Amino acid sequence: QKEVEQNSGPLSVPEGAIASLNCTYSDRGSQSFFWYRQYSGKSPELIMFIYSNGDKEDGRFTAQLNKASQYVSLLIRDSQPSDSATYLCAVTPGGTYKYIFGTGTRLKVLA
Amino acid sequence: DVKVTQSSRYLVKRTGEKVFLECVQDMDHENMFWYRQDPGLGLRLIYFSYDVKMKEKGDIPEGYSVSREKKERFSLILESASTNQTSMYLCASSLRGEQFFGPGTRLTVL
């Protein structure tokens, strides 16, 4: 079992819809959870981080964390074609500086 | 804003050459990381450093070494480049939380 799993996609949504991206992780001691966006040929850029169970909202983005079920999700409201990118989930296992990345979900927002 | 810079955007080397990739961050971050990214495999950690002269192996350290003589600079060294080291190399830094990435170096080994 991979430590951080994401559906590779592509996930296609129409412009203006809500895009829902999911990530599961295997280490129950994981403490911090991050979502990065990566455009083709570019490096990842941080969108959001979440440490506690529940929801965290930032503009059109909402991160959701459920530690009991070991999943973290990212919702993008009012999706725009400029949101088309690969979204990487990253987790920090307890007691380490390391980050474990998923392989990413490719999102396509159709105009 | 945090700025992480890498010495080259594109690099072409020959098999057997010694290759140096340099990374500099300007935010006094303690932690620095080197990853490689390959299609279908995602980001894989090569080495990381949590302080000057301190380093730890990541998931795929074979064929690589690192150097951190100053806090702001973290170098990745390919001792003898091989074709299977052709990849995108990404450097990142962090203090306690989120990582910030440099623009990446696309290395081709012929």
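In what follows, chains carry the letters A, B, and so on, assigned in the order in which the sequence lines appear, proteins first and then strands, with residues in each chain numbered from 1. Everything numeric in this text was worked out from a predicted model, so none of it was measured.
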Is the number of heavy atoms from other residues, nucleotides or ligands within 6.0 Å of CZ (Arg9(B)) greater than 12?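 For Arg9(B), atom CZ is crowded (more than 12 foreign heavy atoms under 6.0 Å).
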
Just wondering, are more than 12 heavy atoms of other shown residues or ligands nearer than 6.0 Å to CZ in Arg44(B)?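 Above 12, so yes.
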
Transitive ILVMFWY side-chain link [X] to [Y], under 4.5 Å:
| X | Y | answer |
| --- | --- | --- |
| Leu11(A) | Trp35(A) | yes |
| Phe33(B) | Val52(B) | no |
| Phe20(B) | Val12(B) | no |

Atom OH of Tyr99(A) and atom CG of Leu43(B): how far apart are they, to the nearest 0.5 Å?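 That separation rounds to 13.0 Å.
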
Do you know which of Gly42(B), Gly104(B), Pro103(B) has the most heavy-atom pairs with chain A at a distance under 4.5 angstrom?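 Most heavy-atom pairs within the cutoff with chain A belong to Pro103(B).
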
Do the non-hydrogen side-chain atoms of Tyr36(A) and Gln99(B) ever get within less than 4.5 Å of each other?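 Answer yes - side chains close enough.
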
Quick one: of Gln38(A), Glu45(A), Lys42(A), who has the most non-hydrogen atom pairs under 4.5 Å with chain B?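 The residue among Gln38(A), Glu45(A), Lys42(A) with the greatest pair count is Gln38(A).
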
Between Glu98(B) and Phe34(A), which heavy-atom pair has the shortest distance, and what is it?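 Heavy atoms only, the tightest pair is CA-CE2, 3.5 Å.
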
Given heavy-atom pairs under 4.5 angstrom as the criterion, report whether the side chain, backbone, both or neither of Gln37(B) touches chain A.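 When you check distances to chain A, only side chain atoms of Gln37(B) fall under 4.5 Å.
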
Less than 4.5 Å to any heavy atom of chain A: does that hold for the side chain of Leu90(B), its backbone, both, or neither?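 It is the side chain, since no backbone atom gets that close.
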
Enumerate the residue pairs fulfilling side-chain hydrogen bond (donor to acceptor under 3.5 Å, both in side chains) with a member in residues 67-78 of chain B, sequence neighbours excluded, ordered by first and then second residue.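 As it turns out, the side-chain hydrogen bond (donor to acceptor under 3.5 Å, both in side chains) pairs with a partner in residues 67-78 of chain B, which skip direct neighbours, are Glu22(B)-Arg73(B), Asp28(B)-Lys71(B), Ser49(B)-Arg68(B), Lys53(B)-Glu69(B).
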
Any sub-3.5 Å donor-acceptor pair from Ser43(A)'s side-chain atoms to Gly102(B)'s backbone N or O?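 Side chain of Ser43(A) to backbone of Gly102(B): a pair is present.
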
